Each structure stands twice: as structure tokens, then as C-alpha cells.
Amino acid sequence: MNNCITKKVEFKNEKVLKYLPGSSERLELESALEEMQNSFLEIPVIIGGKEIKTGNKQKCIIPHDHKKIIGEYHLAGEKEAKMAIEAALKAKQTWETLPWEHRVSIFLKAAELATGPWRAKLNAATMLTQSKTYKQAEIDSVCELADFLRYNAACLHEIYSNQPISTQNVINRIEYRPLEGFIFAVSPFNFTSIASNLPGAPSIAGNTIVWKPASSAVYSGYLVYQLFKEAGLPDGVINFIPARSSDISNTILCNENLSGIHFTGSTEVFQDMWKTVGENITNYKSFPRLVGETGGKNYVIAHPSADIQALSKLLVEGAFEYQGQKCSAASRAYIPKSIWNNCKDNLIQEVSKIKVGDVTEFTNFMGAVIDAKSFNNIKKYIEFAKNSKDAQIIFGGNCDDSKGYFIEPTIILTSNPHFKTMKEEIFGPVLTIYLYEDEEFEEILDLAANTSKYGLTGSIFAEDPYVLVKAEQALTHTAGNFYLNTRPTGAVVGQQPFGGSRLSGTNDKAGSKLNLMRWISPRTITEKLA
Ligand code: NAD
């Protein structure tokens, strides 16, 4: 008998642990790293709970030591993509009718496991295969991952609690149905938490999923799948299919039962998926919901009244944490000439402190970039700047892939506000700075607003409150996450719902009620009493 009307599900952010030398968390992490580096994991495709080894395999490498292979995964093809859709549709029948408390409790249990017995394992996998430092891994693969799971549970309860009024002789209620069909979740390499949330958010709302992880993050993705399984997720609710996108995309995107795409990655890939859906729009049983959080070219604008020390420190953190491979990373800055000399000294001092290397050495601030393709792409931008008369490299600029895909934190100074590296997303440790005359501040707001096609994050540094208000208004449509006097990165679930507009995505704010609403199709039920 279920006749409970439950109280609000309380939410609190997971505490970030410090990993001080000798602490229990540090010892556990060191031992997990050791074990993972010295073992080999074979990762199958998982459909309807069944492991499938296709024999078509790819390696899991360590980006900061790329000759070291710690696993391999089997690739799904067209056949497995079809099987995954069938498994998702079959599991849907029972999953969507399971009382919601049971669905939610599985994900809350997954959060408990992630922050408890799975903590070291998730961190170690993210450090090794995505080259994150222990700090970056902890805030991602443990804290943000658990926050997404718990906050989604709290938001879902809030949504379900929202009911219409009834009158004397009519009772009204809303049933928050999941979508009919299956959801295609496609995750990026750079956040284990996002990889977990892309299949996790729609499935907590009763949907079933075909999930394709990014090729360079299959290892941590597989652990996330196993975590859900240990927490009690029934077979077929999430189907895990690592694959070359060209082998499976059309089969999935053109299937008549596609009810939604939950994507995070580059703008161009999302545009491509949208185009395919558009071309097939008359073939679907419903209108697929398209949710995509995509690229960015995030700005920092300093006003002459800015606190120079805070600006320099936060600019360096915002640009170079996780090698600039955060969608929110600061990658272009506008600084007034009057403060530049002072600011430059501070910046160089801050960036000179950065140690780049193997992330298992806990004193390193930066690891390697994700893979050879990304290394070559970032290097090309740096070479372009080196060879341009409009730019000068004022720090870094060296790249070395002999052992790992290492790129120095690099600062470019340009005299051209439309310089290539002021406009295009590089997704690496490269910050470009343009200097302006103090009296041009208002023009600079306009210039920053219209230089790139993206609208993800941005910051303004000023001590003058009138300036902050002016900038906030002038930059309204330039960033879905806008920051005053701090860096444009580091959004926390429940505190800064995250997502951008323009070509940075559909801005459905990952980890929020807005996002969950996209995976729900409400049915209003009316009963007339007399
Ligand atoms: P990516 O676009 O290369 O890949 C993302 C995913 O899409 C991967 O799983 C990839 O295999 C898959 N994919 C590639 N081509 C596809 C196709 N034709 N059809 C279907 N799937 C395809 O991105 P990435 O390199 O993994 O991640 C970096 C990008 O993600 C950056 O642009 C970054 O800004 C963005 N990002 C955005 C956010 C955000 O919240 N806005 C968060 C993280 C990353």
C-alpha cells in the first residue's frame, strides 16, 4: 500500500575533501591509482544488462603517459545500436510505472556509493584517463556527480508536488509522465559528472536511455554504469554503447521512437544531430526534445577600477585549470591599458607557479590535454599566433607530446580584437588578451558581446557598482552564467545552474528543474464528481 505524500527531499552539496598528505582519503586514492595503473580492464558494450564483446576494440590510454594502456573497450556497431533501442523500449514498460520513490532511491543510493566506497575509484579513473588533477577529479567525478544525482531527486519531488487546483465537484491532478520512446544520451570527455547526468537525469524521471560515452572517457563512463548497477538500476534502463559515432548515429537518430537527445559537446556536432532530426521530422512518433549544452568562448572584462590582484589570480585559474578544457574556461580577456603593467606582472607571477605534468604527482596544477587530435589542434592555434604580426606570446607556447600530450599554459597578447584566438573555441590552455584605452570601456562591452558566436560564461571585474550594473545590462545575451568579480568557471549544482545561450546550447540548465522538465510530458487528469 502506498498512500504517502512525502516531505521535500532535502539537498546539500557534497563536501570537497582536501587530500592532505597522510589523510585517509589521500591514502585510499593513492592505492586506487596504483591498482588501476597496474591492471587492465576489458570493457564490454552493455545492452539490457547483458555484456557484449564485439571484438572491435579501442584502447584506454593515459593522456599524460600515452604509451601506457590500462584497458580496452568493445565498440558497438549498427546491430548493437538497434539492440540497445529495443532493450530501452522494453525496459521502459516497467521502469516508467515503478513508483517514483523507488526510482529516486536508486539514484540517491548511487550518490551515497560515489561519495563513499566508490570515491577513490571514480577519482582515480578520472585522473588517469582524463588527466585531471586530484582536485579537479574530486570536484567533478565525486562531488558534482553526487550533487547532480541528489539535486535531481529534490527537483523531481518539487515538480511532482506541483498540482493544479480542484473545485467543489471536480478533482484535477497532473501526472508527470516520462516521454514516450527512448532518449539518446551522448556525453563529452571532460566531465565524469556530466557523463553521469546525461543518462541519469532523463532516467530518474522514468525514461530509458541509449548512452554513448566519449571515446576518451569510456573507462570512467563504464565505472559510472557499474555504480548505477550496484545502486540497483534495473537492466535496460541505461544501455551503454561506446561506439564510433559515424557507425551508430544515423540508426539511432532516425529511429521513429527517438523521443529526445541529451547532449553535451561541441556546437558543430549538436548542429549536425539537430539537422538529422530535422530531416527526419516526419518519421517520428513524437517531436524529439533536443537538449544540448555546447561550446564557449568565455570572456573576462576588466574595468580600470578592477582589483588587479584578484583579477590576475582568478584569470589564471579560470583559464588554466584542467588545461583549459572546461567549457566555461576563460579564453579571452579585455584589459585596460592603465592597469596592464601591474596586471601583467601579477599574471606572469601567478602563471609561473603552475606546474605541468603527471597528475599522480599531487603538486601538479595541470596535466596533459586529452588526446593527439586535441594536442595538434591546440598547437596549431599557438603556431598561428607565433607566426602572426598581430600577436605576441607573452608566456608559454611550448608543446611536447613525447611522453604525454603536454601544452604549457600559454598567454597571447593581440593588437587585433578579432584575432582568431579571440573568436574561436580552442579548448586548451590558451588565453588571449586584448588591451583597450580606458575611455573605450563601453565600446569594449559591445565588442566583447559581438565577437564570438557563443554565449556560455563571462566575467566582469570592477570595484565601481555603476560599472557592474552597466556591464550586466550590456552583456545580457552574452552568457548564460555571468560572474561579477570572479572567474567564469566553477559552477556548483544547486547554486549556479549551468548553461549558455546563442550557439552554446539550448540553455536547459543541467542539474535543475528546467532540465528535468524536458524529460517529462505532463498529463492532466480531471474527474467530475457530479
Ligand atoms: P565532441 O563534440 O567532440 O564530442 C561530444 C560527444 O559527441 C562524444 O561522445 C562524441 O563521440 C560524440 N559525437 C561526435 N560526433 C558525433 C556525431 N556526428 N553524432 C553523434 N555523436 C557524435 O566534444 P568533446 O571534445 O567530447 O567535448 C568538448 C566540447 O564540449 C567543447 O566544445 C566544450 O565547450 C563542450 N562542453 C560544453 C559543456 C556545456 O555545459 N556547455 C560542458 C562540457 C563540454
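Since we're looking at a predicted model, the values are computed, not measured. For the numbers below, each heavy atom of this structure counts, side chains included, while hydrogens, waters and symmetry mates do not. In each ligand, atom 1 is the first atom listed, and ligand 1 is the first ligand listed.
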Is it true that F270 lies under 4.0 Å from ligand 1, counting heavy atoms only? no

State whether the side chain of E72 and the backbone N or O of E42 hold a donor-acceptor pair below 3.5 Å, judged by distance alone. no

Part of F427 with heavy atoms under 4.0 Å of ligand 1, whether side chain, backbone, both or neither: side chain

cation_pi(K132, Y322) dist<6.0 Å, angle<=45: yes

To which protein heavy atom is atom 27 (O) of ligand 1 closest, and what is the distance rounded to 0.1 Å? P188 CB, 3.7 Å

The answer for which part of T294 has a heavy atom under 4.0 Å from ligand 1 is backbone

Main-chain N/O of E14 paired to D147 side chain as donor or acceptor, under 3.5 Å: yes

With heavy atoms and a 4.0 Å threshold, my read on which part of K326 contacts ligand 1 is neither

Quick one: nearest non-hydrogen protein atom to atom 8 (C) of ligand 1, plus distance? S187 O, 3.3 Å

When you look for heavy atoms under 4.0 Å from ligand 1, do you find them on the side chain of S249, its backbone, both, or neither? side chain

When N250, I252, T251 are each screened for side-chain contact (heavy atoms from CB on, under 4.5 Å) with I248, the one that passes is I252

Given the rule in the side chain to side chain donor-acceptor pair (under 3.5 Å) test, do K509 and N507 qualify, once you have shown the distances and angles that lead to the verdict? CA-CA 5 Å; K509 299 292 186 206; N507 201 12; 3.1 Å; yes

Is it true that Y222 and Q226 share a donor-acceptor pair across their side chains at a distance under 3.5 Å? yes

Report, in ascending order of atom number, the atoms of ligand 1 lying under 4.0 Å from any heavy atom of N190. 43 (C), 44 (C)

To check your reading of the model: name the closest protein heavy atom to atom 26 (O) of ligand 1, its residue, and the distance in Å. F189 N, 3.2 Å

Protein heavy atoms near atom 13 (N) of ligand 1, is at least one of them under 4.0 angstrom away? yes

Hey, is T264 touching ligand 1 through its side chain, its backbone, both or neither, going by heavy atoms under 4.0 Å? both

Judged by modelled atom types alone, do S331 and E425 share a side-chain donor-acceptor pair under 3.5 Å? no

To the nearest 0.1 Å, how far is atom 36 (N) of ligand 1 from its closest protein heavy atom, and which atom is that? C327 CB, 3.5 Å

Going by atom types only, do S328 and T489 share a side-chain donor-acceptor pair under 3.5 Å? no

Could you check whether T478 and Y299, counting side-chain N and O atoms only, form a donor-acceptor pair closer than 3.5 Å? yes

Numbering the atoms of ligand 1 from 1, which are under 4.0 Å from a heavy atom of L456? 41 (N)

Within 45 degrees of the axis of the six-membered ring of F384 and under 6.0 Å from its centre: does K420 put its NZ or CZ there? yes

Between W118 and K121, is there a cation-pi geometry (under 6.0 Å to ring centre, at most 45° from the normal)? yes

Is ligand 1 under 4.0 Å from a heavy atom in the side chain of I370, in the backbone, in both, or in neither? neither

Ranked by distance from atom 35 (C) of ligand 1, the top protein heavy atom is G265 O, 3.2 Å

In ligand 1, which numbered atoms sit nearer than 4.0 Å to a non-hydrogen atom of I194? 42 (C), 43 (C)

The atoms of ligand 1 lying under 4.0 Å from a heavy atom of V186, numbered in the order shown, are 6 (C), 7 (O), 9 (O), 12 (C), 21 (N)

Evaluate the criterion ring pair (Phe, Tyr, Trp, His ring centres under 6.0 Å) for residue pair F406 and F375; output intermediate values, then yes/no. CA-CA 8 Å; F406 292 112; F375 177 87; 9.1 Å; no

So which heavy atom in the protein is nearest atom 15 (N) of ligand 1, and how far is it from that ligand atom? S245 OG, 3.3 Å

Checking side-chain polar atoms at under 3.5 Å, does N197 have a donor or acceptor matched by the opposite partner on N152? yes

Of the protein's non-hydrogen atoms, which lies at the shortest distance from atom 10 (C) of ligand 1, and what is that distance? K212 NZ, 3.8 Å

Just let me know how M273 lines up against ligand 1, side chain, backbone, both or neither, with a heavy-atom cut-off below 4.0 Å. side chain

Closest protein heavy atom (residue, atom, distance) for atom 3 (O) of ligand 1: S266 OG, 4.1 Å

